[in-house]
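Notes follow the structure.
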Amino acid sequence: MVSNFHLPPMGYGPGSQANEGDEELQYMSMPQDMRAYYAHIPEVEYDEALRPAMELMGTVANAAKACSAGAPNARFDLSDLDAANRRLVAETMGEGEVAMKMHGIPAVAAQESVFAGIWVLKGAGLDAIEVGSAPDMARTRAFAPRRAALGTDAPKVPGVVNALSLLVELQDKSAAYQAGDEVYVINLSLLPHTEQDLVWLEQALGQGSTDILSRGYGNCRITATALDHVWRVQFFNSMDVLILDTFEVTAMPEVALAAAEDLSDSHERVLEVLEAIR
């Protein structure tokens, strides 16, 4: 008689595996240090000498509300403030997620404050606050070439495979772009390409005059090319590993912009901080 009962195979079950001692499991590092808004109240004893800074920041708050409703950017000169008033403005504004560098003469650095859409501008002879989705200069200087676009004249080397077709596509979308068009994205992370393709595209597209860094979980690095409306947008995780590499055809990538809702919130938050200082 043949039995249907079979002994279990050797080497399985409790106690069958070697004891690894007290060795702990190793887990992948998780994202940390996400930036988030919190109300920072400057440690200052208010007196009438600080009225210029308080009045200016109240005007800035009102400009944020106006911009949220579609008004153009507003700029406020800080150079006339004395040291105490300028220090109060700096402590109140703080430092937010997005920083921009506009190359040219003069070069200008823009740092978003903790209030989205309120930017502090620094440059030779320039000390100002600008309110808007992004500084105007970041747009007007964006595609002024720091390194000229060579187009199809860029020298080809072995290994350039798909770059030429990508360039033709970007040139076509750039020429057809009109204000208000939806963003057009080419996702390099999903397309076959070689390292030589990327090097050739950098030469073919050149380099514009606006660089942007947006920080959150990891970084988003945005660079204008010298081809109108074309941006290189790269996302890195918290360990600075490239996880998404794209070209965007648009006026400015959305990740760098303060939305109307952000500007409206900034209006309310600035007023709350000013009230707390008083």
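Only this structure's heavy atoms are used, side chains among them; waters, hydrogens and symmetry mates stay out.
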Looking at residues at least two apart in the chain, or sitting in another chain, which of them share a side chain to side chain contact (heavy atoms under 4.5 Å, CB included) with Ala99? Gln111
Is it true that a side-chain atom of [X] and a backbone atom of [Y] form a donor plus acceptor pair closer than 3.5 Å?
X: Thr194; Y: Asp197; result: yes
X: Ser209; Y: Ala144; result: yes
X: Thr246; Y: Val233; result: yes
X: Ser266; Y: Asp262; result: yes

For the residue pair [X] and [Y], establish whether any side-chain heavy-atom pair is separated by less than 4.5 Å.
X: Met93; Y: Ile129; value: yes
X: Ile212; Y: Arg221; value: no
X: Met252; Y: Leu257; value: yes
X: Lys101; Y: Thr210; value: no
X: Val255; Y: Ile222; value: yes
X: Val131; Y: Phe76; value: yes
X: Asn85; Y: Val89; value: no
X: Leu271; Y: Met57; value: no

Only pairs at least two apart or in different chains count here, so list each salt bridge (charged side-chain N to carboxylate O under 4.0 Å, His left out) that has a residue in [range].
range: residues 49-71; answer: Glu48-Arg51, Arg51-Glu55
range: residues 115-125; answer: Lys122-Asp127
range: residues 133-148; answer: Arg146-Asp211

Considering all heavy atoms of both residues, which atom of [X] and which atom of [Y] are nearest to each other, and what is their separation?
X: Asn73; Y: Cys67; value: CA-SG, 4.2 Å
X: Trp200; Y: Ala154; value: NE1-O, 2.9 Å
X: Pro155; Y: Leu150; value: CD-CD1, 4.3 Å
X: Glu130; Y: Arg75; value: OE1-NH2, 3.3 Å
X: Ser174; Y: Val230; value: CB-CG2, 4.0 Å
X: Ala204; Y: Leu167; value: CB-CD2, 3.9 Å

Flag yes if more than 12 heavy atoms outside Lys156 fall under 6.0 Å of its NZ atom; otherwise flag no. yes
Among Leu201, Leu166, Leu227, the one residue meeting side-chain contact (heavy atoms from CB on, under 4.5 Å) with Phe247: Leu201
For residues Leu78 and Leu88: do they belong to one hydrophobic cluster (side chain heavy atoms under 4.5 Å, members Ile, Leu, Val, Met, Phe, Trp, Tyr)? yes
I need the [X] [atom1] to [Y] [atom2] distance, nearest 0.5 Å.
X: Phe115; Y: Asp265; atom1: CZ; atom2: CG; value: 11.5 Å
X: Ile118; Y: His267; atom1: CD1; atom2: NE2; value: 10.0 Å
X: Asn219; Y: Ser214; atom1: CG; atom2: OG; value: 8.0 Å

Pairs meeting criterion ring pair (Phe, Tyr, Trp, His ring centres under 6.0 Å) with involvement of residues 121-148, two or more places apart: Phe143-His229, Phe143-Trp231
Donor-acceptor side-chain pairing of Asn62 and Thr59 below 3.5 angstrom: no
For residues 181-188, please give each side-chain donor-acceptor pair under 3.5 Å, one per line with the distance, not counting sequence neighbours.
residue : atom : partner : partner atom : Å
Asp181  : OD2  : Gln178  : N            : 2.9
Tyr184  : OH   : Glu169  : OE2          : 2.2
Asn187  : OD1  : Ser189  : N            : 2.9

Taking NZ, NE, NH1 and NH2 as the nitrogens, is one of them in Arg215 or Glu95 under 4.0 Å from a carboxylate oxygen of the other? yes
